[in-house]
Amino acid sequence: MKKIFNRPENYVVEMLEGLCAAHPRYFKRSGAEGRVLARPEAPIAGKVGIVTGGGSGHLPVFTGYLGPGLLDACAIGEVFASPGVEPMADAIRAANGGAGVLRLYGNYGGDRMNFDMAGEMVEFEDIRTTTVLVTDDVASAGPEERHKRRGVAGMVYCFKIAGAKAAARASLDEVTAAAQKAADNCRSVGVALTPCTVPAAGRPTFTIGESEMEIGMGIHGEPGVRRGKLRTADEITGEMLEMLLADMPLSAGDRVSVLVNSLGATPLEELYISYRYVARELAAKGVAIVAPLVGRYATSMEMAGMSLTFCKLDGELDALLAAPCDCPFLKI
Amino acid sequence: MKKIFNRPENYVVEMLEGLCAAHPRYFKRSGAEGRVLARPEAPIAGKVGIVTGGGSGHLPVFTGYLGPGLLDACAIGEVFASPGVEPMADAIRAANGGAGVLRLYGNYGGDRMNFDMAGEMVEFEDIRTTTVLVTDDVASAGPEERHKRRGVAGMVYCFKIAGAKAAARASLDEVTAAAQKAADNCRSVGVALTPCTVPAAGRPTFTIGESEMEIGMGIHGEPGVRRGKLRTADEITGEMLEMLLADMPLSAGDRVSVLVNSLGATPLEELYISYRYVARELAAKGVAIVAPLVGRYATSMEMAGMSLTFCKLDGELDALLAAPCDCPFLKI
Amino acid sequence: MLTADSLRWAIGRVHGTMGTAAGELNELDGALGDGDLGVTLSRATQRLQEDAPNLPADVGTALFQCAQAFTRVTGSTYGTLLATGLMAAAKATRGRTEVPWTEVSALLGAALEAMSGRGKSALGDKTVLDALDAARRATEGLGEPAALVAAASHAVDAAIAELRGRPFRQGRARIFREKGLGRDDPGMVAFKRIIDSLA
Amino acid sequence: MLTADSLRWAIGRVHGTMGTAAGELNELDGALGDGDLGVTLSRATQRLQEDAPNLPADVGTALFQCAQAFTRVTGSTYGTLLATGLMAAAKATRGRTEVPWTEVSALLGAALEAMSGRGKSALGDKTVLDALDAARRATEGLGEPAALVAAASHAVDAAIAELRGRPFRQGRARIFREKGLGRDDPGMVAFKRIIDSLA
Ligand SMILES: Nc1ncnc2c1ncn2[C@@H]1O[C@H](COP(=O)(O)OP(=O)(O)O)[C@@H](O)[C@H]1O
Ligand SMILES: Nc1ncnc2c1ncn2[C@@H]1O[C@H](COP(=O)(O)OP(=O)(O)O)[C@@H](O)[C@H]1O
Ligand SMILES: [Mg+2]
Ligand SMILES: [Mg+2]
Ligand SMILES: [Mg+2]
Ligand SMILES: [Mg+2]
């Protein structure tokens with residue numbers, strides 16, 4: 001895949017410079033080495049802080065979701081690589097308004113180790129922290145090992161819901177509980193059509209045949225559940241839908257939000273073709289779709305493919321999802 | 001390029017179904033054959049209507065920009081093909097609240113012929129119409145033939161500015177004048193790295209070497225000004241910047257809005273790397289950037305590449321650009 | 001005399017021809033364009049054929065109805081241009097149920113002028129306009145259907161041959177400068193097929 | 001006795017070794033991982049070397065400073081794990097300026113426990129933990145630096161050989177199930193290079 005950048009080692013730093021130059025109202029760099037992005041008004045006294053972090057190359061995830069009603073700070077890693085312990089600790093410090101800080105991020109080994117370690121470090125500074133791991137990717141482990149699943153686009157719902165709870169000045173335990181409920185209620189699955197290229201590596205993350213696709217592949221190219229012929233939008237969407245419903249059955253009267261997400265190259269047109277199928281099938285089941293999202297919310301740079309996420313709602317999640325929020329990539 | 005769809009002949013219709021299912025608050029289908037999308041509240045009595053139209057495959061352009069403070073209706077063509085005269089006439093009818101209708105669209109032969117003919121048809125029904133053609137692509141003709149230039153991402157600024165003027169209940173002539181001023185003040189240039197595939201054709205729109213790019217290529221693969229080695233982000237951006245400034249010089253004290261737009265596959269990360277360069281160069285010249293846009297605003301499905309647009313502002317355009325607007329793809 | 005009946009007959013012939021010509025025209029248009037010319041004409045003639053039983057006696061109104069058949073089924077250039085030409089002819093014949101064959105050349109001229117205005121194009125641009133103009137000139141003064149068709153067919157052939165070596169100056173094909181040399185314009189060829197179907 | 005001075009000496013040796021070993025470790029990690037293991041260790045030992053002159057006499061505090069050198073320069077797994085191990089050893093030695101060599105095995109054990117908790121991994125997963133455990137067991141009861149190093153080196157070699165035919169159960173390499181058989185774990189090999197540099 002052809003990419004537009006300068007030197008691979010500057011990819012992330014220059015991206016951060018651009019983000020901050022374009023959106024100074026939303027993002028400021030902080031932390032040693034500038035590897036933290038924070039809301040300019042953070043820390044907000046008395047509000048629970050929410051931090052996330054992870055490898056770069058997934059915009060708008062993670063950084064994109066800083067703002068009122070959303071997150072407070074984000075630790076930035078190299079492309080597809082965990083941020084260091086120091087930026088994570090700095091992100092927690094930047095978000096700490098005295099009411100404690102929730103660490104809310106996707107379940108990846110490196111991120112977990114580093115965030116755990118960062119948590120231990122800031123404990124010395126009397127910052128209380130909690131953790132919620134997003135584990136929505138049903139293709140990455142069976143239901144009996146749910147805690148081992150990777151976190152993918154479901155993050156966006158968790159960010160939104162936790163952010164709304166914190167904005168309402170709930171306590172750290174309440175914010176953590178809401179985030180955990182959101183994480184428990186999210187299910188995702190993706191299909192990859194092409195790889196992407198990590199600038200420092202200079203070659204595609206994996207290879208795949210000209211007319212093949214892989215169902216369940218992870219956002220860094222982690223193996224999925226099945227490789228097969230590229231099929232029609234309805235067949236692909238139907239298979240993803242079944243995988244989600246098998247894991248989290250929905251029945252008449254249930255309310256879900258649905259996110260049809262492009263991994264990067266797959267255009268909006270095709271996401272809407274897929275959404276059309278999901279809307280029809282859920283309508284037939286009597287399931288109501290609330291505030292659907294269709295677009296690029298959690299990507300793997302220029303990878304072709306898409307993911308489908310359900311977030312099952314109850315009264316509380318419904319209200320938190322509808323609460324106002326503001327960032328360059330999501331405004332409600 | 002691998003694509004996700006069902007039958008090529010249903011690509012556009014199924015996309016429309018998905019769009020309307022996902023965003024019923026913004027879009028309703030109308031017109032014979034459902035080839036028109038309109039705001040559900042259109043026509044709005046006493047407000048000047050604004051219609052656009054063109055080939056599909058450019059989302060969010062054109063349809064995406066229907067909503068309060070934006071457009072009222074859009075005629076939908078097949079992928080990269082002009083809509084018919086009938087949908088265009090139907091779009092005008094759908095938008096007509098009695099104060100006349102502005103036809104605001106990109107300068108492409110087929111679109112122009114059909115919109116002209118549609119205008120003649122609705123004249124019989126006493127609907128007053130005007131036309132503003134967006135001609136921002138500096139690579140498509142020299143300054144002495146500005147009127148022959150194609151319309152590309154500059155459309156987004158014209159839609160926003162005309163939409164704000166109409167929302168303020170200006171007259172048809174005033175809305176037309178504001179749209180024309182926006183069109184006159186927009187300059188764009190693009191660079192293409194890969195082609196995209198029109199579903200009905202089933203093959204890429206053009207071929208280009210593994211490490212080549214084409215500066216000035218049009219959004220349907222129209223030839224540009226120069227094909228050459230793929231270079232660094234700063235070099236590419238620098239070349240585009242020079243082309244824009246040669247056509248529309250900017251000097252200290254000037255105010256512009258800047259749109260760094262992905263043609264589809266090129267990720268946000270790389271747009272921000274490019275924006276960083278633009279911001280630095282304009283700052284060095286003493287030019288102020290107002291409300292920059294970075295993202296996918298006018299695409300060619302999964303084409304890799306980007307475009308750079310300047311919209312030079314005066315007091316009126318500045319205020320119209322800052323006025324509120326609301327659609328799924330742009331909220332101010 | 002050109003009447004609604006002769007129009008109905010002509011529609012039947014053109015519709016018949018498109019059954020076989022469509023593939024050829026798609027292919028021709030596909031070389032440097034989007035390959036839809038045959039589709040455009042099949043759809044339009046299908047619609048014309050369906051509407052033919054209800055063609056009014058007024059030649060002008062009948063031609064107007066034909067124009068609408070084109071605008072209803074396609075957004076492609078050729079459809080809009082033919083519709084524009086038919087509308088011009090409709091204006092010139094409104095209120096008459098019979099139009100002398102000798103007026104055909106003038107009707108082609110009226111169509112030509114309207115289409116050139118619509119397409120912002122000129123003779124020599126290697127488009128359907130050049131075929132139309134050749135037919136207009138060859139049919140001047142003729143008043144016999146068979147002679148009209150034969151003269152037009154011959155003239156359009158000559159025009160195609162004359163322009164073959166020139167570059168395309170309009171439409172999608174224009175963007176492939178050198179590639180266009182030596183190729184025939186699909187719009188001109190389509191016009192030739194339409195004329196020949198009337199022989 | 002393990003002192004700040006002997007730590008400073010060891011840092012110099014490890015730093016020296018990474019000049020040549022980094023490339024090998026990058027390559028090894030690149031086969032089934034992201035190829036940054038050598039970079040991680042070069043950066044960390046570079047930082048250790050820079051900070052070495054200011055190493056405090058308190059062995060615990062000195063080890064804590066070493067841990068921070070790792071967390072400051074890298075976000076990669078290996079760096080965080082070694083930092084975790086160093087922190088555990090730091091806790092066990094805080095307040096002492098001299099630690100008997102006989103305690104080394106126990107310190108390795110403390111590191112192992114902390115790292116296994118941090119990595120949510122177990123012995124047999126074919127990671128640096130298996131190398132650490134082999135060294136811990138081999139050094140039990142030993143009190144002479146040269147003997148410690150020789151025993152550890154020998155034991156880690158044996159552990160690498162023993163696990164070669166097993167699948168990876170942690171980290172990036174885990175996702176390439178069959179491909180991993182017959183390959184050595186880069187983290188174990190890196191640990192071996194560190195030990196050998198002390199001989
Ligand atoms: N501007 C123009 N003026 C006159 N004729 C034109 C013009 N552009 C195209 N044509 C004619 O239309 C033909 C192509 O028609 P069509 O396939 O419908 O175009 P498209 O699919 O690109 O809209 C050309 O072969 C040419 O004869
Ligand atoms: N969960 C884990 N527990 C213990 N050791 C691990 C774990 N994951 C990886 N390792 C060790 O770390 C090594 C890879 O380190 P590194 O290259 O820094 O990883 P990455 O670049 O993937 O973050 C492996 O060879 C293995 O020895
Ligand atoms: Mg065509
Ligand atoms: Mg066409
Ligand atoms: Mg590694
Ligand atoms: Mg790494």
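The chains referred to below are lettered A, B, ... by the order of the sequence lines, with proteins before strands, and numbering in each begins at 1.
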Spatial distance of atom CD (Glu78(B)) from atom CG (Asp34(C)) [nearest 0.5 Å]: 10.5 Å
Identified side-chain hydrogen bond (donor to acceptor under 3.5 Å, both in side chains) partner of Asn114(B) from the options Thr74(C), Thr80(C), Thr77(C): Thr80(C)
Which atoms of Arg112(B) approach chain C - backbone, side chain, both or neither, heavy atom under 4.5 Å: side chain
Check: Arg118(C) and Glu120(B) side chains under 4.5 Å, non-hydrogen atoms: yes
Euclidean distance, Ser76(C) OG relative to Met113(B) CE, rounded to 0.5 Å: 10.0 Å
Residue Glu33(B) excluded, over 12 heavy atoms near CD under 6.0 Å: no
Atom CZ of Arg226(B): over 12 foreign heavy atoms under 6.0 Å: yes
Engaged part of Arg174(C) at the chain B interface, taking heavy atoms whose separation is under 4.5 Å: neither
Within 6.0 angstrom of Glu9(B) CD, more than 12 heavy atoms from elsewhere: yes
Residues, nucleotides or ligands: over 12 heavy atoms within 6.0 Å of Glu144(C) CD: yes
Rounded distance [0.5 Å steps], CD in Gln68(C) versus CD in Glu86(B): 6.0 Å
Phe80(B) versus chain C, the contacting section by heavy-atom distance below 4.5 Å: backbone
Pairwise side-chain contact, Met117(B) with Met87(C), heavy-atom cut-off 4.5 Å (strictly under): yes
